[in-house]
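Have a look at the structure below before the remarks.
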Amino acid sequence: MDKVFALVDCNNFYASCEKLFRPDLKHTPVVVLSNNDGCVVARSREVKALGLKMGAPVFQVRDLIEQHNIACFSSNYALYADMSNRVMTVLEQEAPQVEIYSIDEAFLDLTGIDAVYDMACQIKAKVDQYTGIRVGVGIAPTKTLAKLANHAAKVYPATGGVVDLTERERQRRLMALVEIGEVWGVGRRLSKHLQARGLHTALDLADADPKMIRREFSVVLERTVRELNGISCLELESMAPTKQQIVCSRSFGERITQKNELKEALAKYVARAAEKLRQEACLAQVLQVFIRTGVFNPNERHYSNSASVKLSAPCDDTRAFLAAMEPLFESIYRPGFRYAKAGVMLTDFYQPNTYQTDLFYPEEDRERSKNLMGVLDKINRQGRGHLFFAAQGVTPQWSMKREFLSPAYTTNWNSLPKVY
DNA sequence: TCTGGGGTCCTAGGACCC
DNA sequence: TCTGGGGTCCTAGGACCC
């Protein structure tokens with residue numbers, strides 16, 4: 001039986017979440033900013049119409065923002081994550097198989113369902129009714145084509161937000177209209193190379209020789225070509241695969257010049273990364289840390305370095321990672337720079353009980369570690385940062401700038417929206 | 001002066017083995 | 001003057017995604 005995938009994608013997701021609780025902004029242009037209120041990372045429909053670019057640094061578009069009275073919001077991930085969960089819950093109720101692909105997108109497996117188009121319309125209506133979030137739906141025999149169908153649902157309002165691309169003729173008609181860079185898996189670099197070879201539209205890519213594509217580009221792009229021709233190469237992955245790395249990094253609200261402050265920042269990221277690791281129920285053996293100055297100012301001396309260490313055994317104890325971080329930091333720190341960003345990465349993951357233990361680390365210590373971390377996490381689930389390590393410092397001067405943060409409307413009792 | 005954060009996969013090349 | 005062949009594993013870097 002032919003496969004049928006649907007891609008459901010929330011419209012302007014972050015901006016929509018902000019608007020949801022601010023009916024007064026219903027027709028106002030809205031942008032959501034990255035951490036430190038640095039870049040534009042989401043735009044409402046009105047803002048897109050104004051031509052304000054995704055990823056634009058705020059200071060470069062400040063005039064445009066003032067001129068059009070664009071409402072700015074700092075990223076409120078607590079809100080977006082909760083709204084995302086609500087949307088995904090509806091999808092899981094409506095569809096037999098769901099792959100949550102990102103915070104605002106999911107693939108559905110609708111193979112074997114008659115009247116797929118009607119079902120997609122129903123799902124769209126239900127998400128809107130239950131969450132207030134508008135979605136677009138693209139239907140096709142492969143994931144790559146479903147992405148393309150979803151793109152069409154967005155670009156052509158006449159579609160009403162649902163596009164069924166099951167028919168080959170429709171697929172080809174659409175692909176002829178779509179630039180090659182819009183294809184899922186074709187980024188900026190590939191786009192340039194492909195255009196240099198005379199391939200400009202999605203259809204050009206679909207009609208390219210897969211053997212040539214593999215030889216000249218990669219096996220990944222070859223798969224894309226086949227997918228564009230209706231041959232499904234990418235399965236629905238309804239089980240979230242276990243993570244292979246955990247990264248925690250931040251740009252600072254202000255440049256750091258003090259050594260101890262930089263170390264405290266790293267300690268904080270180590271603690272957060274270890275917490276995430278325990279949430280995943282994983283153990284990690286390699287810790288990497290990095291620090292760097294700003295990268296954009298050409299008049300400034302630049303420095304960037306990283307170092308990593310392999311622990312004697314995989315673990316998930318924050319204390320062990322903190323102890324390992326210190327010498328790494330000492331080895332890469334250089335005084336006299338204005339540091340802009342730092343981060344840590346955990347890799348080399350193991351499942352508990354499937355690894356070689358450290359001969360000199362007794363079982364009872366492991367038990368105590370597990371209990372201690374358990375208590376730590378339990379307390380911090382009541383509110384992040386209730387309990388922390390002294391190494392993290394108590395009065396960070398460098399914390400993130402979030403000047404335009406909206407309330408945690410859906411996840412904090414004290415921030416529930418009030419209706420008068 | 002001010003430019004985000006967190007992931008995955010693939011490939012090429014080097015080290016090493018027999 | 002002439003110096004093999006076949007393989008694995010690891011890492012860094014590059015591409016992509018949201």
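Worth knowing before you read on, the calculation uses all heavy atoms, side chains too, and leaves out hydrogens, waters and symmetry mates. In the text below, chain A, chain B and the rest are named by the order of the sequence lines, each starting its count at 1.
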Fill in the blank from the handout: Quick note, A:R255 side chain, CB onward, closest among B:dT3, B:dG6, B:dT8 is B:dT3
Exercise for the section: Would you please classify the geometry between the A:Y333 ring and the A:F329 ring as parallel, tilted or perpendicular, with 30° and 60° separating the classes? Expected result: tilted
Practice task
May I ask you to check whether over 12 heavy atoms, not counting those of A:Q93, lie within 6.0 Å of atom CD?
Solution key: yes
Practice task
Please state how far atom CE in A:M400 lies from atom C1' in B:dG5, giving the value in whole angstrom units.
Solution key: 10 Å
Practice task
When you get a sec, tell me which of B:dG7, B:dC2, B:dC10 is the closest nucleotide to the side chain of A:R223?
Solution key: B:dC10
Handout entry: A:W184 and A:F107 aromatic ring geometry - parallel, tilted or perpendicular at 30°/60° bounds
Key = tilted
Practice task
Between A:C248 and A:K401, name the one whose nearest nucleotide on DNA chain B is closer to the 5' end.
Solution key: A:K401
Handout entry: A:D2, CG atom: more than 12 neighbouring heavy atoms under 6.0 Å
Key = no
Practice task
Mind checking A:R338 for me? I need base, sugar-phosphate or nothing, with any heavy atom below 4.0 Å counting as a touch.
Solution key: sugar-phosphate
Completion exercise
By nearest-heavy-atom nucleotide on DNA chain B, the more 5' of A:N35 and A:V220 is A:N35
Exercise for the section: Would you indicate which nucleotide in B:dC10, B:dC2, B:dT8 comes nearest to any side-chain atom of A:Q244? Expected result: B:dT8
Exercise for the section: Write down the distance between CD (A:E254) and P (B:dC2), rounded to a whole number of angstrom. Expected result: 11 Å
Fill in the blank from the handout: Mate of B:dC18 across any strand shown (Watson-Crick or G-U wobble, both atom pairs under 3.5 Å) is C:dG5
Problem - Passing option when A:E235 is tested against A:K3, A:K143, A:R223 for salt bridge (charged side-chain N to carboxylate O under 4.0 Å, His left out) - result: A:K3
Practice task
Using atom NZ of A:K341 as one end and atom C1' of B:dG5 as the other, report the distance to the nearest whole Å.
Solution key: 6 Å
Exercise for the section: Send over the distance from A:N297 CG to B:dT3 P, rounded to a whole Å. Expected result: 9 Å
Problem - Nearest to side-chain heavy atoms of A:K276, which nucleotide of B:dG7, B:dC10, B:dG4 - result: B:dG7
Problem - Separation of B:dG4 C1' from A:N76 CG (nearest whole Å) - result: 16 Å
Exercise for the section: Could you tell me whether the side chain of A:Q171 and the main chain of A:L165 form a donor-acceptor pair under 3.5 Å? Expected result: yes
Exercise for the section: Determine the contact category for A:Q245: base if any of its heavy atoms lies under 4.0 Å from a base atom, sugar-phosphate if only primed atoms, P, OP1 or OP2 are that close, otherwise nothing. Expected result: base
Problem - Under 4.0 angstrom between A:S249 side-chain N/O and B:dG6 OP1 or OP2 - result: yes
Practice task
Among the candidates B:dC10, B:dG6, B:dG4, find the nucleotide nearest to the side-chain atoms of A:V219.
Solution key: B:dC10
Exercise for the section: Under 4.0 Å between any heavy atoms, over every strand shown, what does A:R250 touch: base, sugar-phosphate, or nothing? Just pick one. Expected result: sugar-phosphate
Exercise for the section: Classify the side-chain pair A:N305/A:Y303 by whether it contains a donor and acceptor separated by less than 3.5 Å. Expected result: yes
Completion exercise
Its contact letters, B for base, S for sugar-phosphate only and - for none at protein heavy atoms under 4.0 Å, make nucleotides 11-18 of chain C read ----SSSS
